[in-house]
Amino acid sequence: MDVEDKPEHLLVLVHGILASPSDWTYAQAELKRRLGRNFVMYASSCNTFTKTFTGIDGAGKRLANEIMLVVKRREHTLKKISFLAHSLGGLISRYAIALLYSDDLVAASATTNIKQKGLIAGLEPINFITLATPHLGVRGKKQLPFLFGVPILEKLAAPIAPFVVGQTGRQLFLTDGKPNKPPLLLRMASDSDDGNFISALGAFKCRLLYANVSYDHMVGWRTSSIRRETELCKPPRRSLDGYKHVVDMEYCSAVPSEGPHFPPEAAKAKEAAQNAPSMQNTLEYHEIMEEEIIRGLQQVSWKKVDVSFHSAFWPFSAHNNIHVKNEWFHNAGAGVIAHVADHIKQQEKQQECSLFITASL
């Protein structure tokens, strides 16, 4: 078999809530066309539709097991791994990579002779990319489709979410577990007993966030771009050349810290949010938690890409446009997929250059 028929790079595509691998039909074909034969595109199928309601941790375990099976089938050819995840799929992927992470120190990585610490499923981690993922959780306001934007329902979002989206709902609203126990999303912002979440993220060569600046009624700009409210500025309205609706890109260096904490006032606020849910109680609790989660996730660097569908024919489908869920209804996001593909291609070229330079020394 020709070496070109033995792809080395596994690109895992992970869909969001109440979705399926068919969400990636357009993106998978376009990425395959743009990236060439060195990539294996694998759209995960272990968490379809209502399976996404069983909890981020449960879905993450299923995804980790699925990836190990894929890697085992191609263990003699695969060397690198990347993730592209939409919405809830980004959180599921973050949980999975912590389970798949090993801190093995290899004498030579797949692409350089530089010692590298940290593998994912035994492979060299390259790109971790999320599209409209609620990294800070959700507050409820215009961020859950079953609420239909009705104010009275949004006020009741936290208590009714578990009945609609199960354990996943509690985890997204940060109300899972006992009052004195940190919620899952906070634990996922550090290396904890649940897994080495930050070490796993840090093992990737690049971490990339795509965030809708507006018209996304499921996942807001702040939570998908891991920013504080004060860090949100008016975005440019003009698209970057060649990438329609991609309006800005920012590189954010790692910010060293002791990581997130769960102070006593957070436990008290969580108990109030659980037992006497109200807009005020939920807001106070979320503000404490979001700051801590940001502090944890900022321990690694991120590239943040802002996307604006304000000029699209139907901007209100921003959440599905960003990954082109359906080629006919959501094709406004084609520029986003093109940007993702070119980023991955650029990373691949940089790896090849590093290998060439090292081999020449």
Side-chain angles (χ1 to χ4, degrees), residues 14-20 23 44 46-63 85-96 130-189 194 197 212 216-220 222-224 226 262 266-267 269-290 292-293 319-320:
V14 187
H15 63 73
I17 199 165
L18 268 181
S20 73
D23 281 28
S44 170
C46 66
N47 289 306
T48 54
F49 303 112
T50 55
K51 285 183 180 178
T52 54
F53 293 173
T54 59
I56 294 163
D57 46 349
K61 290 171 186 175
R62 286 192 292 272
L63 177 60
H86 175 246
S87 193
L88 181 69
L91 296 176
I92 294 171
S93 298
R94 280 178 44 207
Y95 197 96
T130 63
L131 310 172
T133 288
H135 291 285
L136 308 181
V138 297
R139 294 187 184 185
K141 187 177 180 183
K142 295 183 179 179
Q143 288 185 7
L144 283 179
F146 63 83
L147 302 177
F148 305 108
V150 179
I152 187 64
L153 292 181
E154 289 177 346
K155 288 182 180 180
L156 298 170
I160 70 173
F163 296 102
V164 184
V165 286
Q167 176 67 357
T168 301
R170 294 185 186 90
Q171 292 169 346
L172 288 173
F173 279 95
L174 313 178
T175 55
D176 55 297
K178 295 180 180 179
N180 62 349
K181 185 178 181 182
L184 178 64
L185 292 192
L186 181 63
R187 303 199 303 274
M188 285 173 59
D194 297 84
F197 297 104
N212 283 316
D216 190 328
H217 299 303
M218 286 188 69
V219 179
R222 184 190 69 260
T223 186
S224 57
I226 312 180
F262 190 64
K270 181 181 179 182
E271 186 173 18
Q274 286 177 325
N275 299 332
S278 67
M279 290 293 281
Q280 186 60 34
N281 285 346
T282 303
L283 179 63
E284 289 175 3
Y285 173 55
H286 273 259
E287 285 180 343
I288 297 170
M289 285 297 88
E290 285 176 7
E292 294 298 329
I293 294 172
H319 193 70
N320 292 325

Report task. Just grab all the salt bridge (charged side-chain N to carboxylate O under 4.0 Å, His left out) pairs involving residues 269-287, residues at least two apart or on different chains. Result ->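 Residue pairs with at least one partner in residues 269-287: there are none.
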Query raised in the report: Among all residues two or more places apart in sequence or in another chain, which pass the ring-ring contact (aromatic ring centres under 6.0 Å, His included) test with His15?
Result: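 His15 satisfies ring-ring contact (aromatic ring centres under 6.0 Å, His included) with no other residue.
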Query raised in the report: With sequence neighbours left out, what residues match Phe262 under ring-ring contact (aromatic ring centres under 6.0 Å, His included)?
Result: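 Checked Phe262 against ring-ring contact (aromatic ring centres under 6.0 Å, His included); zero matches.
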Non-hydrogen atoms of [X] and [Y] that approach each other most closely:
X	Y	answer
Thr223	Gly220	CG2-O, 3.3 Å
Thr133	His86	OG1-C, 4.2 Å
Thr52	Thr168	O-OG1, 2.5 Å
Gln274	Gly177	NE2-O, 2.8 Å
Met289	Leu186	SD-CD2, 3.9 Å
Asn212	Ala132	ND2-CB, 4.3 Å

Query raised in the report: Side chains of Asp57 and Gln167: donor-acceptor distance under 3.5 Å anywhere?
Result: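 The criterion, which ignores hydrogens and geometry beyond distance, is not satisfied for Gln167 and Asp57.
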Query raised in the report: Between the side chains of Thr54 and Arg62, does any donor sit under 3.5 Å from an acceptor?
Result: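 There is such a pair between these side chains.
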Query raised in the report: CZ of Phe53 to CG of Leu18: how many Å apart, nearest 0.5 Å?
Result: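 Here the rounded value is 3.5 Å.
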**Report entry** Gap between atom CD1 of Ile288 and atom CG of Leu174 - 0.5 Å precision
**Finding:**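 Nearest 0.5 Å value for the CG-CD1 distance: 11.5 Å.
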Report task. Using side chain to side chain contact (heavy atoms under 4.5 Å, CB included) as the criterion, point out the one residue from Leu185, Thr130, Ile293, Val219 that pairs with His135. Result ->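 So, applying the side chain to side chain contact (heavy atoms under 4.5 Å, CB included) to His135 and each of Leu185, Thr130, Ile293, Val219, only Thr130 qualifies.
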Query raised in the report: Quick check: does any side chain N or O of Gln171 sit under 3.5 Å from a backbone N or O of Ile56, one acting as donor and the other as acceptor?
Result: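 Yes: the side chain of Gln171 pairs with the backbone of Ile56.
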Query raised in the report: What is the ring orientation for His286 with Phe173, classed by angle as parallel under 30°, tilted 30 to 60°, or perpendicular over 60°?
Result: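 His286 vs Phe173 ring planes: perpendicular.
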Query raised in the report: Is there side-chain contact between Thr175 and Thr282, with heavy atoms separated by less than 4.5 Å?
Result: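 No. Closest side-chain heavy atoms not under 4.5 Å.
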Query raised in the report: Of the options Arg187, Lys181, Arg94, Lys61, which is the one that meets Asp194 in a salt bridge (charged side-chain N to carboxylate O under 4.0 Å, His left out)?
Result: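 The passing option is Arg187.
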